[in-house]
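See below for the structure under consideration.
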Amino acid sequence: MIHRIRGVKDVLPDDISLWYTAEQAAHRLAQSYGFKEIRTPMFEDTSLFVRSIGGETDIVEKEMYTFPDRDGTSLTLRPEGTASVVRAFIENRLLNTPTSRKLYYIGPMFRHERPQAGRFRQFHQFGVESIGSPSPMIDIEVISLLWRFFSSLQIDGLALEVNSLGVSTERQQFKDALLGFLVPISANLCGNCQRRMHSNTLRVLDCKVPSCRTATAEVPTLSSFLSSSSSDHFQQVLEGLDLLNIPYVLNHRLVRGLDYYSRTTFEVTCHSLGAQNAIGAGGRYDGLLETLGGRPSPGVGFAIGLERVISVLPESVILPPTPLVYVAGFGQNGQQSGMCVLEALRANGIMADTDFQSSTLKTHLRSADRLGATLTIILGDDECQNGQAILRNMSSKQQEFLPIDAVPDTLKTRLSS
RNA sequence: GUGGGUGUAGCUCAAGGGUAGAGCGCUGGUCUGUGGCUCCAGAGGUUGCGGGUUCAAAACCCGUCACUCACCCCA
């Protein structure tokens, strides 16, 4: 038997309503904030990701699905969405199109990591990108959308953390200072931190090992390295969040793994998720467009992991299935008549089905029950004779007669009410 | 890439050297024009795979693969 690839999942019919629920919420919320959907290819020129995400990051160093095209060009399955959207934004000159500066996407991403709870090699993200404005109002708008998405799905146990990483020069100064602080005390750090203090200095800040926490308790804070303009920007973001009653926690140790982030960064975690508890995260990326050859334009966005959302979705928000009408046509004429009624129902947009294996009323009703039908049309030879079909309510067992011709119209009005 | 846990019926799991089982699900009957419930019957297994120890292995040993959780990192 050929098995599915490690780290990927089949979404089976029983679970698809979870996905509809999350995806519909994403479309509805993003559009209500004025974002337009964009669909970019799932693979790109490898250099797009190397340049945007950063060559030193784990994603680029060891997690990308990269392969040569037939002409030798190096292609990569997208590990995240921002790079592709920004590329498309530049390439299609969307800066000149006022309606296309706020974009959202939903789709699969690919990273070659060891799978674990909440982490897959093909996973799905809902993300937004707002490009072209440096205003802190945009940061607030994006964070608001992020937060409202989770609230609309009634997901509990969430925490929003925010921080400012400053612009790249500020961050570099901080990084140098941090390294200067860490080197003398490196003996007190865990093995991981001793290694990454050189490769990924900022990461040491959010190490969970208690001894590292105490060793770095007196570390210089990033905020003291911010210029007044970065600092003002951040203050305005925080004030905006207060104004909109979005609860957040300041976390000076919050860092992000991708090189392109600048200034505002944020992350939403959910403590019912397990070790991989980040459910959504994002930030500003003011230098990214320039890096990718576009006109310098600021941007801010987020990405939400849909598998993680779905795993904590409360029962109460899952979209109910569309009511199903079962057609039980049996006997010489009933079978044919049933076929016509079934066709007519479907032509009227009503979800209708039957089981052609069933040949008696009993087996039909059992099939109707198994398929979860809410209504059943009973059409035997007697009913054909009278021109009256029986409409049976499957939960109340109540039955009534309906002229066969009137079945589609009657059900149409009844199911819509 | 590293470490732990687990692989037995479609699913959830028993059997810890001596004939491979239960519950749920599935098929049929009870019930030839009224589903779910009851009762009865039936189908379904190379115990992940390969090797070893033994008179005898699902069980013990070695290898391998898969799943899973955690580290790293991230949504």
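Here is the naming used below: chain letters follow the sequence lines, and residue numbers restart at 1 for every chain.
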Task: Pairs touching residues 356-373 of chain A that satisfy salt bridge (charged side-chain N to carboxylate O under 4.0 Å, His left out), sequence neighbours left out - done: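 Listed by first then second residue: nothing to list.
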When the distance from [atom1] of [X] to [atom2] of [N] is rounded to whole Å, what number comes out?
| X | N | atom1 | atom2 | value |
| --- | --- | --- | --- | --- |
| A/Phe150 | B/A75 | CZ | P | 12 Å |
| A/Leu205 | B/C73 | CG | C1' | 16 Å |
| A/Leu273 | B/C74 | CG | P | 17 Å |
| A/Glu113 | B/G1 | CD | C1' | 12 Å |
| A/Tyr260 | B/C74 | OH | P | 11 Å |
| A/Arg111 | B/C72 | CZ | C1' | 14 Å |

With a 4.0 Å heavy-atom cut-off, tell me which residues in [range] come close to RNA chain B, sorted by residue number.
| range | value |
| --- | --- |
| residues 308-327 of chain A | A/Arg308 |
| residues 74-83 of chain A | none |
| residues 11-44 of chain A | none |

Task: Positive for ring pair (Phe, Tyr, Trp, His ring centres under 6.0 Å) with A/Phe149, one of A/Phe35, A/Phe302, A/Phe126 - done: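 The passing option is A/Phe126.
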Decide whether [X] and [Y] meet the rule of one side-chain donor and one side-chain acceptor closer than 3.5 Å.
| X | Y | answer |
| --- | --- | --- |
| A/Asn188 | A/Ser186 | no |
| A/Thr221 | A/Ser223 | yes |
| A/Tyr33 | A/Ser144 | yes |
| A/Arg263 | A/Ser230 | yes |
| A/Thr216 | A/Arg253 | yes |
| A/Tyr285 | A/Glu129 | yes |
| A/Thr265 | A/Asn163 | no |

Using atom names, set out every protein N or O paired with an N or O of nucleotides 65-69 of chain B below 3.5 Å, distance rounded to 0.1 Å.
from	atom 1	to	atom 2	distance (Å)
B/A66	OP2	A/Arg6	NH2	3.4
B/C67	OP2	A/Arg6	NH1	3.4
B/C69	OP2	A/Ala117	N	3.1

- [ ] For residues A/Asp139 and A/Arg284, report the shortest heavy-atom separation together with the two atoms involved.
- [x]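 What the structure gives for the nearest pair is OD1-NH2, 2.8 Å.
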Task: Shortest non-hydrogen contact between A/Ser130 and A/Lys102, atoms and distance - done: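 It is OG-CG, 3.7 Å.
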Task: Under 3.5 Å donor-acceptor pair, A/Gln276 side-chain atoms to B/C73 base atoms - done: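 Result: at least one qualifying N/O pair found.
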Open item on the list: Under 3.5 Å, is there any donor-acceptor pair linking the side chain of A/Arg119 to the base of B/C73?
Closed with: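 A donor-acceptor contact between them is present.
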Open item on the list: Taking the P atom in each of B/C72 and B/C65, what is the distance between them to the nearest angstrom?
Closed with: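 Those two atoms are separated by 25 Å.
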Open item on the list: I'd like the P distance from B/G18 over to B/A58, given in whole Å.
Closed with: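 Comparing P positions in B/A58 and B/G18 gives a spacing of 10 Å.
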Under the side chain to side chain contact (heavy atoms under 4.5 Å, CB included) rule, collect the residues that match up with [X], sequence neighbours excluded.
| X | result |
| --- | --- |
| A/Asp355 | A/Tyr326, A/Gln357, A/Ser358, A/Ser367 |
| A/Phe150 | A/Leu146, A/Ile155, A/Leu158, A/Val268, A/Ile279, A/Ile304, A/Val309 |
| A/Arg414 | A/Leu391, A/Glu400, A/Thr410 |
| A/Ala389 | A/Ile377, A/Leu379, A/Ile404, A/Val407 |

TODO: Would you indicate what A/Arg256 reaches in the nucleic acid, counting non-hydrogen atoms under 4.0 angstrom: base, sugar-phosphate, or nothing?
DONE: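 If one applies the 4.0 Å heavy-atom cut-off, A/Arg256 turns out to touch the sugar-phosphate alone, with no base involved.
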Task: Contacts of A/Glu113 that satisfy salt bridge (Lys or Arg N to Asp or Glu O under 4.0 Å) - sequence neighbours left out - done: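 With sequence neighbours excluded, A/Glu113 shows a salt bridge (Lys or Arg N to Asp or Glu O under 4.0 Å) to A/Arg119, given in chain and number order.
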Task: Side-chain heavy atoms of A/Asp176 within contact of A/Phe174, under 4.5 Å - done: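 Heavy-atom side-chain distance check fails, nothing below 4.5 Å.
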Task: Derivation and outcome, side chain to side chain contact (heavy atoms under 4.5 Å, CB included), residues A/Met394 and A/Leu365 - done: CA-CA 9 Å; A/Met394 294 301 283; A/Leu365 281 173; 4.2 Å; yes
Open item on the list: In dot-bracket form, 5' to 3', how is RNA chain B paired? Count Watson-Crick and G-U wobble pairs only if both distances fall under 3.5 Å, and write | where the partner sits on another strand.
Closed with: (((((((..((((....[..)))).((((.........)))).....(((((..]....))))))))))))....
Task: nucleotides 31-40 of chain B: protein proximity per nucleotide (B base, S sugar-phosphate only, - neither; heavy atom, under 4.0 Å) - done: B-BBBB----
- [ ] Specify whether A/His364 and A/Phe330 have parallel, tilted or perpendicular ring planes, treating 30° as the upper limit for parallel and 60° as the lower limit for perpendicular.
- [x]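 Tilted, since the angle between the ring planes falls between 30° and 60°.
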